K.L.:
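Okay, handing you the structure first.
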Amino acid sequence: MLHRLFVVVFAVWAGFAQGAPLKVGLVLDKGGRDDKSFNAAAFLGATEAEKKLGISLKVVEVSDDTAIEPSLRTFAKKQFDLVIGIGFVMGSALEKVSKDFPKVHFAVVDSVVEGPNVQSITFEEHEGSFLVGAIAALVSKTKTVGFVGGMDIPLIRRFELGYKSGAEAAVKGTKVLSNYVGTSSDAWKNPTKAKEIALSQYQNKADVVFCAAGASGGGVFDAAEETKKFAIGVDSNQNWVKPGRILTSMVKRVDRGVFEVIENKQKGTFKAGHRVLGLADGGIDFAMDEHNKSLVPADVLKKVEALRTSILKKTIVVPDFYKTSKR
């Protein structure tokens with residue numbers, strides 16, 4: 001009798017354990033889930049996993065960099081199955097916390113953290129930036145285009161170098177004006193400063209400005225609308241934000257990276273290490289849709305697709321800031 005009771009109790013417990021949803025903690029940086037860019041893409045991937053995979057998702061948006069480590073640590077202490085940090089600024093804190101909780105799996109986007117329980121997800125941003133740089137130069141009527149970066153860090157310098165290289169490859173002699181919003185993480189959420197910079201670039205003959213500045217990019221879009229010139233979005237497809245003013249968007253599939261690491265964790269196939277997504281696997285691209293198809297002529301697209309093919313065949317090697325400069 002006792003044996004049969006034990007079997008029944010164990011079966012009930014096992015069924016409950018098997019049915020318990022995967023607990024995922026997502027930590028977003030200052031830009032927040034509504035930045036229409038990087039964090040928004042990460043949030044989209046996580047909520048897609050919540051709907052399709054039935055996971056239990058908790059999201060924290062840090063208001064200050066000092067809150068990053070405590071947020072990651074809280075999820076780990078509560079024995080979440082997977083803790084994900086979004087953004088370059090998460091790297092050092094996630095490295096510390098992952099060492100303190102070796103039984104918890106972690107993932108970080110846009111930073112590389114080594115550890116047996118950490119998956120790092122990065123992207124070949126310079127490849128996509130090269131292509132939108134080519135589009136900007138080919139559409140420009142002034143042979144002057146602009147770049148507005150958010151926080152001045154190697155990651156965003158990588159965008160800038162790729163963009164400049166693409167513009168020069170497409171139209172020799174194209175001038176690129178470059179400025180950064182700031183040197184702290186506040187630069188990701190300062191659209192007022194970004195607008196001032198963009199307006200200055202437009203006044204100095206730039207007629208297309210590419211922004212890689214998180215939520216600050218909204219200021220660049222406002223400047224484009226105000227001056228009736230063009231902007232290029234980043235990370236997510238932002239063509240819809242200011243229809244007719246967003247020439248294209250350099251899409252970085254952060255949503256896909258986040259969804260897939262969650263899916264693999266649920267399947268039991270999580271792998272520590274460094275995963276890189278680029279043009280070859282669709283992790284990087286530029287966006288074309290109903291909002292911008294009339295802005296980019298067919299002959300421009302043809303030239304840009306030829307450049308894409310050359311990159312994939314490695315007959316064009318896009319300069320990479322990570323490799324050409326000391327990080």
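We number each residue from 1, following the sequence as shown. Note that the structure is predicted; figures quoted are calculated from it, not measured.
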K.L.:
Can a salt bridge be assigned to the pair E263 and K52 using a cut-off of 4.0 Å between side-chain N and carboxylate O?
P.N.:
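Looking at K52 together with E263, the answer is no, because their closest N to O distance does not fall below 4.0 Å.
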
K.L.:
Do F130 and I311 touch side chain to side chain, with heavy atoms closer than 4.5 Å?
P.N.:
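The answer is yes, as the side chains (C-beta and beyond) meet within the 4.5 Å cut-off.
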
K.L.:
Please check if the side chain of T47 supplies one atom and the backbone of E50 the other of a donor-acceptor pair under 3.5 Å.
P.N.:
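No, T47 side chain to E50 backbone: no donor-acceptor pair under 3.5 Å.
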
K.L.:
Search all heavy atoms of F80 against all heavy atoms of V24 and return the closest pair with its distance.
P.N.:
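Looks like CD2-C, 3.5 Å.
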
K.L.:
Within a strict 4.5 Å, meaning less than it, do heavy atoms of the L28 and V62 side chains meet?
P.N.:
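In short, these two side chains do not touch, never coming nearer than 4.5 Å.
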
K.L.:
Please determine whether side-chain contact (heavy atoms from CB on, under 4.5 Å) holds for the pair H274 and T122, giving the CA-CA distance in whole Å, both sets of side-chain angles, and the decisive distance to 0.1 Å.
P.N.:
CA-CA 8 Å; H274 186 191; T122 64; 2.7 Å; yes

K.L.:
Which heavy-atom pair separates V220 from A231 by the least distance, and what is that distance?
P.N.:
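In this case the closest contact between V220 and A231 is CG1-CB, 4.1 Å.
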
K.L.:
Side chains of E160 and Y180: is there a donor and an acceptor less than 3.5 Å apart?
P.N.:
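Side-chain D/A pair, E160 to Y180: present.
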
K.L.:
N204 and T144: which non-hydrogen atoms are nearest, and at how many Å?
P.N.:
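Closest heavy-atom pair between N204 and T144: O-CG2, 3.9 Å.
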
K.L.:
Would you indicate whether the side-chain heavy atoms of D65 and K30 approach each other to under 4.5 Å?
P.N.:
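Touching, per the 4.5 Å side-chain cut-off.
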
K.L.:
Quick one: are V261 and L82 in side-chain contact, heavy atoms under 4.5 Å?
P.N.:
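With C-beta onward as the side chain, the pair touches.
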
K.L.:
With side chains defined as the heavy atoms from C-beta onward, is the minimum distance between I86 and L26 less than 4.5 Å?
P.N.:
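Yes, close enough: below the 4.5 Å cut-off.
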
K.L.:
Between F270 and H105, how do the two ring planes meet: parallel, tilted or perpendicular, split at 30° and 60°?
P.N.:
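Parallel.
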
K.L.:
Please find the pair of heavy atoms, one from F101 and one from K77, that lie closest to each other, and give the distance.
P.N.:
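Answer, listing the atom of F101 first, then K77: CZ-CG, 3.5 Å.
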
K.L.:
Is it the case that the side chain of Q238 and the backbone of V234 share a donor-acceptor pair, with hydrogens and angles ignored and the cut-off at 3.5 Å?
P.N.:
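Yes, Q238 side chain to V234 backbone: donor-acceptor pair under 3.5 Å.
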
K.L.:
Could you check whether D64 and T66, counting side-chain N and O atoms only, form a donor-acceptor pair closer than 3.5 Å?
P.N.:
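Indeed, the side chains of T66 and D64 share at least one donor-acceptor pair under 3.5 Å.
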
K.L.:
Considering non-hydrogen atoms only, spot the tightest contact between A67 and S71 and give its length.
P.N.:
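In terms of heavy atoms, the two residues are closest at O-OG, 2.7 Å.
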
K.L.:
Please check this pair: side chain of Y202 against backbone of F230, looking for a donor-acceptor N/O pair closer than 3.5 Å.
P.N.:
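Here the side-chain-to-backbone pair exists.
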
K.L.:
Taking K51 first and then E48, would you say they form a salt bridge - that is, a charged N and a carboxylate O separated by under 4.0 Å?
P.N.:
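Salt bridge: no.
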
K.L.:
Counting N and O atoms only, with roles assigned by atom type, does the side chain of D235 sit under 3.5 Å from a partner on the main chain of K252, one being a donor and the other an acceptor?
P.N.:
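Judged by distance alone, no pair lies under 3.5 Å.
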
K.L.:
Please answer whether the main-chain N or O of A42 pairs with a side-chain N or O of D255 as donor and acceptor at a distance below 3.5 Å.
P.N.:
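No; judged by distance alone, with no hydrogens or angles, the pair does not exist.
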
K.L.:
Which of these passes salt bridge (charged side-chain N to carboxylate O under 4.0 Å, His left out) with E305: K302, R308, K303?
P.N.:
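Exactly one candidate clears the test, R308.
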
K.L.:
How close do V304 and A134 get, counting heavy atoms only, and between which atoms?
P.N.:
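Residues V304 and A134, closest heavy atoms: CG2-CB, 4.2 Å.
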
K.L.:
Under a 4.0 Å threshold between the charged nitrogen and the carboxylate oxygen, would D81 count as salt-bridged to K265?
P.N.:
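Salt bridge flag = no for D81 with K265.
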
K.L.:
What's the verdict on side-chain contact (heavy atoms from CB on, under 4.5 Å) for V145 and L177, showing C-alpha distance, side-chain angles and the deciding distance?
P.N.:
CA-CA 6 Å; V145 299; L177 308 177; over 6 Å; no

K.L.:
Looking just at side-chain N and O atoms, do N190 and S216 make a donor-acceptor pair shorter than 3.5 Å?
P.N.:
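S216 and N190 do not have a side-chain donor-acceptor pair below 3.5 Å.
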
K.L.:
Test the R245-F221 pair against the cation-pi criterion, namely NZ or CZ under 6.0 angstrom from the six-membered ring centroid and within 45° of the ring axis.
P.N.:
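Cation-pi check for R245 and F221: fails.
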
K.L.:
Would a 4.5 Å heavy-atom cut-off, applied to side chains only, mark D34 and F43 as touching?
P.N.:
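D34 does not reach F43 side chain to side chain.
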
K.L.:
Ignoring hydrogens and angles, tell me if any N or O in the side chain of E125 forms a donor-acceptor pair with the backbone of I156 under 3.5 Å.
P.N.:
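Flag not set: sc E125 to bb I156 has no pair under 3.5 Å.
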
K.L.:
Would you call D281 and R256 a side-chain contact if the rule is heavy atoms closer than 4.5 Å?
P.N.:
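When only atoms from C-beta onward are counted, R256 and D281 do touch, with a gap below 4.5 Å.
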
K.L.:
Are side-chain heavy atoms of R253 and I284 found at a separation under 4.5 Å?
P.N.:
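A side-chain contact under 4.5 Å is absent here.
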
